[in-house]
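Working notes, structure below.
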Amino acid sequence: MRIRALRHCKIAKAIVFVGLLCTVLLKPCWAEDAKSTFCLIPEDLDLFPTLYDHESSVVLAIAKSNVRSDLGSDSGWGDESVVPAEIDEEEIQSISDPLEPINRIFFTFNDKLYFWLLKPVAKGYSKVVPEPARVGVRNFFSNLVTPVRLVNCILQGKFKSAGTEALRFVINSTVGFLGFQDVAKQEGHLETQEEDLGQSLGVYGLGPGIYINWPIFGPSSLRDTAGMIGDFFLDPVNYGVTRTKYRIAVKGYDKVNKTSLTLGDYESLKKAALDPYVAVRNAYFQYRKNLIEK
Amino acid sequence: MKKCSVVIGIGIVIIGLFGVYLVYAGEPTEQIKKTTDKIIGIVQDPALKAPEKEPERRKLIRAAVDEIFDWEEMAKRTLGRHWRNRTEDEKKQFIWLFGKLLERTYLDKVEGYSGEKVIYVGDRVEGDYALVKVKIITKQDKEIRVLYRMRKNCGKWMVYDISIEGVSLINNYRTQFNNILMRSSFDKLIEKLKAKVGQ
């Protein structure tokens, strides 16, 4: 009885989600101030190339023809003003941190968790599994959460990016062996469009709010936490894997794998900083700001 | 954590390594490239590979970096409005300590390089200031965007800030130092720097 009710709940959620998605997707069609003549697919992008014959060459040919790879014109470099402000007048933009005492405790907790648990496990794992395989696993998980990025590209009106993400998903899932190989990037120069709900909310004008350093999950903000919760419903892993303990196992493995590829970064940060807590908080703030402005 | 891979280079000059492509090289880019090539030479020099040669190697790298890093400008900007009220001696001491702090961090990284590619994307100049855009391609196929901010100091282009994926080094240190200065004093800051550098 309970199980059936739960299943209905999931279907209801899915329907609501699809309904919202359609509404948003079709907004340019029904909104009065619609500038564009298309709803979802940009005119010059063929989202559904025929994959039946000569699969890889057809797909890649389409990818190549849609590519604009002038290196210098992409965004994401941060503040590009050439002349800086006067030293005295430069104001320090930062995120409000009223929960600092608690955040610092969680920071220390995460620090210990990293050195006592995550790092040893990741190190051992990296000794057993060669790097190309681990990069493949990282690509696999990244490919899997395409819906999160895709939906948020659309929410921000970045239709070309959404198309890129869709194309990346199609290419990498087929030619790239379920996403293990990032063929779209290597051959088609299609880059991952890192978007999430926190960024979408930021693009809509929502400020970060206050800084929250979650135990286990790490640095976040009020806005980004809300974003994380929203993105939870877009993450296919949470629909495919229904038992919580298996979800934790999958996410845990993803984290260990990712960490095994970036061992040493956190240690470098600590070594370079006078106050690692403030360093992380500030870096997080600047990094998120840059992602939103991208 | 993507953020941590971003912070790979905080305190580091990403001195690059093989496969440098010049898309458009203005004078500021040339400066960076020159220093980069020099440091590559030092790190790859077989005569300096031995562990006993480490102090000499580090000295050479530091000398090469001194040519392009405007330590005083960087130190000034990390103190921000607190700079004005310091005495000459305090300023000198702070500049020296800050330089040592950065040197420690990036020397480790530079010596641990493993074939990352560096792509010079381009630069922009406005009067005495410039931006140089560089992309680092790691072994794991990750692209890292590095932005050098430069200033003409006595006719020479020198770096006064590095931004990695939008995270400015100066901004980050300024926040840390400001935090310490608001809670304690300049002497406390100097103490912390000394302890850090002495490690």
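Reminder, nothing fancy here: chain letters follow the sequence lines and each chain counts from 1.
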Any idea which heavy atoms bring [X] and [Y] closest together, and the distance?
{"X": "A273(A)", "Y": "K196(B)", "answer": "O-NZ, 2.8 Å"}
{"X": "R104(A)", "Y": "N179(B)", "answer": "NH2-OD1, 4.3 Å"}
{"X": "L274(A)", "Y": "F177(B)", "answer": "CD2-CE2, 3.5 Å"}
{"X": "V83(A)", "Y": "Y129(B)", "answer": "CG1-CD1, 3.9 Å"}

Any sub-3.5 Å donor-acceptor pair from R138(A)'s side-chain atoms to Q140(B)'s backbone N or O?
yes

Surrounding [atom1] of [X] (heavy atoms of other residues, nucleotides or ligands, distance under 6.0 Å), is the total greater than 12?
{"X": "Q93(A)", "atom1": "CD", "result": "no"}
{"X": "F115(A)", "atom1": "CZ", "result": "yes"}
{"X": "K192(B)", "atom1": "NZ", "result": "no"}
{"X": "K156(B)", "atom1": "NZ", "result": "yes"}
{"X": "K49(B)", "atom1": "NZ", "result": "yes"}

Roughly how far, to the nearest 0.5 Å, is [atom2] of [Y] from [atom1] of [X]?
{"X": "N172(B)", "Y": "R281(A)", "atom1": "CG", "atom2": "CZ", "answer": "10.5 Å"}
{"X": "K142(B)", "Y": "T192(A)", "atom1": "NZ", "atom2": "OG1", "answer": "6.5 Å"}
{"X": "S168(B)", "Y": "N290(A)", "atom1": "OG", "atom2": "CG", "answer": "11.5 Å"}

Sort [X] into side chain, backbone, both or neither according to what part of it lies under 4.5 angstrom from a heavy atom of chain B.
{"X": "K185(A)", "answer": "side chain"}
{"X": "E267(A)", "answer": "neither"}
{"X": "V135(A)", "answer": "side chain"}
{"X": "Q186(A)", "answer": "side chain"}

Side chain, backbone, both or neither: which part of I180(B) has an atom under 4.5 Å from a heavy atom of chain A?
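The answer is the side chain of I180(B).
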
Interchain contact, R149(B) with chain A, by part (heavy-atom threshold 4.5 Å)
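The answer is the side chain of R149(B).
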
Do [X] and [Y] have side chains that approach each other closer than 4.5 Å (heavy atoms only, starting at C-beta)?
{"X": "P84(A)", "Y": "R77(B)", "answer": "yes"}
{"X": "N178(B)", "Y": "V278(A)", "answer": "no"}
{"X": "N282(A)", "Y": "Q176(B)", "answer": "no"}

Options E293(A), R134(A), E100(A), ranked by heavy-atom pairs under 4.5 Å with chain B, top entry
E100(A)

Before accepting this row, confirm whether a basic side-chain N of the pair E165(B)/R288(A) lies closer than 4.0 Å to the acidic partner's carboxylate O.
no

Sole residue of Y287(A), Y284(A), F285(A) in side-chain contact (heavy atoms from CB on, under 4.5 Å) with V167(B)
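Checked Y287(A), Y284(A), F285(A) against V167(B); only one passes side-chain contact (heavy atoms from CB on, under 4.5 Å): Y287(A).
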
Taking only residues two or more places apart in sequence, or in another chain, which ones meet S94(A) in a side chain to side chain contact (heavy atoms under 4.5 Å, CB included)?
none

